[in-house]
Amino acid sequence: MQYGYFDDKKKEYVITTPRTPLPWINYLGSEDFFSLISNTAGGYSFYRDAKLLRLTRYRYNNCPGDVGGRYYYIKNKDEVWNPGWQPVKTELDHYRCRHGLGYTVIEGEKSGISAALTCFVPLGEHCEVDRLALTNHTAKPQTLTLFSLVEFCLWNAVDDASNFQRNFSTGEVEVEGNSIYHKTEYRERRNHYAVYAVNKPVAGFDTDRESFCGAHNGFEAAEAVFEGKPRNSVASGWAPIGSHCLEVTLRPGESSSFIFVLGYAENLPEKKWSAPGVINKASAQRMLAKFQTDVQVEEALTALGTYWEDLLSKFRIGSEDEKLNRMVNIWNQYQCMVTFNMSRSASYYESGMGRGMGFRDSCQDLLGFVHLIPHRARQRILDIAATQFEDGSTYHQYQPLTKRGNTDVGSGFNDDPLWLIAATAAYLRETGDFGILQESVPFDNNTEKAQPLLEHLRRSFEYTATRKGAHGLPLIGRADWNDCLNLNCFSDQPGESFQTCSNFESGRAESVFIAGMFVKYGTEYAEICEHLGKTEESSRIRAQVQKMYDTVLDAGWDGEWFRRAYDAFDAPVGSRECDEGQIFIEPQGMCVMAGIGVKEGHAAKALQSVKDRLDTEYGIVLLQPAYTTYRLNLGEISSYPPGYKENAGIFCHSNPWVSCAEAVLGNGDRAFEIYRKICPAYLEEISEIHRTEPYVYSQMIAGKDAPRFGEAKNSWLTGTAAWNFVNVSQYILGIRPTFDGLCIDPCIPKTLSGFTVDRICRGVRYRITVDNSAGVQNGVRRLIADGIEVPYRIVPYAVHKKDCIITVIMG
Ligand code: BGC
Ligand code: NOJ
């Protein structure tokens, strides 16, 4: 069943009912100011950091699920309705929500009045603009009363949701004309405030929640709205809100629009006040002046459209598979931008109060983003690297606002360091900017301890190289990519963090997955060294990589697949010797991607075992058999009921690794089958089962052991976005920047007769046509670049050209 449809021309997903199985959301903003917006106008806004600078309040895990947002109420005589249905939930005569790239349009219609609410964050501005256009389709003049509503968050989202003994007495606002200013804590240590304004004269306002709603009502029954009478309340403590009341009479056929702006502004400490106790509002007013007319709004929307057109022109496919085209050209790249910006901080499943930016997450998100805005990727690499310690280990997370490592979680996740090599190598291949390696980067954010980025990479490599266990495999530490495989944790106390407690560190537990990473990213580090002419260093590294390769084929091999790990007592995890958890997905994907066992035949066997034991109609589960009991020696993984999350859920992030691995072996049919199974556009028709948005990846789909097999959770903020983009663009379509040139080596289903790709790389537009009339899964028979036959599959970078026409004949 579908709840909407793709409008590829407009690059929109159009939702046709407010009753989606879960809120289907969009993100507004791509730099500093962000908003989440659901298809019923729920969500919230923040400046840079969802925890520390949250502008509007949102109650997670609410009942019903999605209440709180930017709400516009239309009172037409006795009828009160919202264009997005919530919160009043009056049945609408017509409803549409169009989620587009950086904007959302919600259209509602009731009794001959239509409302179109367009929400977006303009480029370069620190605000959300909501334009509400009302039209009278009846034959009579209609007088309407319009109410707006946002509820302010008292900035720090954690405090806001917990420290009520203080919060109920701190709220302060100022109202000036059509603008409401939220200034809680401004009189003391904050130099920032929020503004919520409208471009037309108001008939009244409210800034105190209780006055607006009434003591015993929620937003769905706000008394001021239902009575049509604003209270002109000025909040003093309790819960400050922003609500404008406007009156409008529309002649038959007439339209009128209202432009609301919710913005964030800062002042220098010495310029805080315009009079004692009165905010200096100059910067907010400068911002508001830019959004007073429809023309200004249209211009800002056009600029946003051009911005996205330009970004998406970096990689564009044309093929006979429209779902593939829409994922590659629009939604997958869009989600890569969102994950790059948010990491795992703020979604409808991540509360914005917890994890901040993850070290490994940000490194991997960058893999799918680097082609879009390379200079932002560059800065991100430098920021992340600055949270590395001198011994090569890293903070596991850092706060976006301060860019400082998060001491609560600390370090000890032994895969983290190698991801820094992965991210940097991807950046170097995309840009050729080897200068970044000479940038001086602090350790532990301490500038006195700065070293060139290259030295950070060396320490990443060395960290792993020098911390091996009894089998010669890397020590796992608190966890590797699988945060829930906690082999040193041994937690038996409720509430203990599986990630941060280490109750039994025997110093023995090892990870085959990190070994696979070591081979893959160690090789990439060696290539970087070779490119820099450091041949001695590179041979030293390659020797260590070779040794690890051999170790994996020895201690890491179980007979039919790669083992997952060794626990704190040296017992194998992910082995046929185990009663449950005999085979895991991660090492099969990572080791084969690293090339381990390809020539020896182990790789093909491992992938066959994945197919036989882990594959399902909705994707590949993380492990089998699922753990049915809690295991002290394994940790959080065995805490989940079978089929959910890391305990045999279809943990989407790890699926592309297997698809890439199949491509390494040349199996285009199977690579694509795996790609397609978790790809949201292909799941649109089963939205009643899948339940999350059909335009973005979710972190997890319940596995076959779960009662709700096929149901997805945690949409949007997942490494799946970056990895499936890497998978489809570089492995399946096979268009891969290397250090020396653009490699074109497709591995596609034999039924795909060919495709075209426009790829901008290092300033050159490569127009690639791939002809698969031979109906093969891989193999390049001829490659012609600008009329010249190219041996091998690598087209040297065309530095002096603007365009390069490439024809590839498969066979
Ligand atoms: C989840 C993991 C997540 C971790 C973060 C666990 O509960 O299952 O997916 O990475 O928390 O701390
Ligand atoms: C989600 C986390 O953000 C990511 O870092 C981790 O790799 C996966 N969960 C798997 O546990």
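Read the numbers this way: they start at 1 and go in the same order the structure lists the ligands and their atoms.
- Closest protein heavy atom to atom 5 (C) of ligand 1: Arg355 NH1, 3.6 Å.
- In terms of protein heavy-atom proximity, atom 2 (C) of ligand 1 is closest to Glu646 OE2, 3.1 Å.
- Judged by the shortest distance from any of its heavy atoms, Gln699 lies inside the 4.0 Å radius around the atoms of ligand 1.
- A ring-ring contact (aromatic ring centres under 6.0 Å, His included) with Phe518 is found for one member of Phe461, Tyr463, Tyr525, Tyr549 and no other, namely Phe461.
- Nearest to atom 7 (O) of ligand 1 among the protein's heavy atoms is Glu636 OE2, 2.5 Å.
- At the top of the distance list for atom 12 (O) of ligand 1, counting protein heavy atoms only, stands Gln499 OE1, 3.5 Å.
- Nearest approach of Thr394 to Phe359, heavy atoms of both residues: CG2-CZ, 3.4 Å.
- If you number the atoms of ligand 2 from 1 as listed, the ones under 4.0 Å from a heavy atom of Asn482 come out as 11 (O).
- Residue contacts with ligand 1 for Trp481 are absent, since no atom lies close enough (heavy atoms, distance under 4.0 Å).
- Figure legend: cation-pi geometry between Lys51 and Phe46 absent, as NZ or CZ is not positioned both under 6.0 Å from the six-membered ring centre and within 45° of its axis.
- Annotation for Ala555 and Leu473: closest pair CB-CD1, 4.3 Å, computed over non-hydrogen atoms.
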Checklist entry - Given the rule in the ring pair (Phe, Tyr, Trp, His ring centres under 6.0 Å) test, do His690 and Tyr618 qualify, once you have shown the distances and angles that lead to the verdict? => result CA-CA 9 Å; His690 187 70; Tyr618 299 127; 8.3 Å; no
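- Closest to atom 4 (C) of ligand 2 among all protein heavy atoms lies Asp361 OD1, 3.2 Å.
- Near Glu646, meaning under 4.0 Å from any of its heavy atoms, are these atoms of ligand 2: 9 (N), 10 (C), 11 (O).
- Taking all heavy atoms of Phe651, Phe359, Trp481 into account, the minimum distance to atom 6 (C) of ligand 2 is reached by Trp481.
- Judged purely by distance below 3.5 Å, without hydrogens or angles, the side chains of Tyr348 and Asp66 pair a donor atom with an acceptor atom.
- Ligand 2 lies nowhere less than 4.0 angstrom from a heavy atom belonging to Lys645.
- Counting only heavy atoms of the protein, atom 3 (C) of ligand 1 lies nearest to Asp483 OD2, 3.7 Å.
- The proximity of Tyr640 to ligand 1, defined as any non-hydrogen pair under 4.0 Å, is limited to the side chain.
- Side chains of Asn727 and Tyr675: a donor-acceptor N/O pair is absent below 3.5 angstrom, by distance only.
- For the residue pair Asp480/Ser511, the side-chain donor-acceptor check at 3.5 Å is satisfied.
- In this structure, CE in Met548 is found 11.5 Å from CE in Met517, a value given to the nearest 0.5 Å.
- Not less than 6.0 angstrom separates the ring centroid of Tyr627 from the ring centroid of Tyr640.
- Among all heavy-atom pairs drawn from Ser393 and Gln388, the shortest one is O-CG, 3.2 Å.
- Using a 4.0 Å cut-off between heavy atoms, Asp483 contacts ligand 2 through both its backbone and its side chain.
- The ligand atoms of ligand 1 that sit less than 4.0 angstrom from a heavy atom of Phe651 are 9 (O).
- In the vicinity of Gln699, heavy-atom distances shorter than 4.0 Å reach the ligand 2 atoms 1 (C), 9 (N).
- Contact annotation for His653 and ligand 2: no heavy atom of the residue comes within less than 4.0 Å of the ligand.
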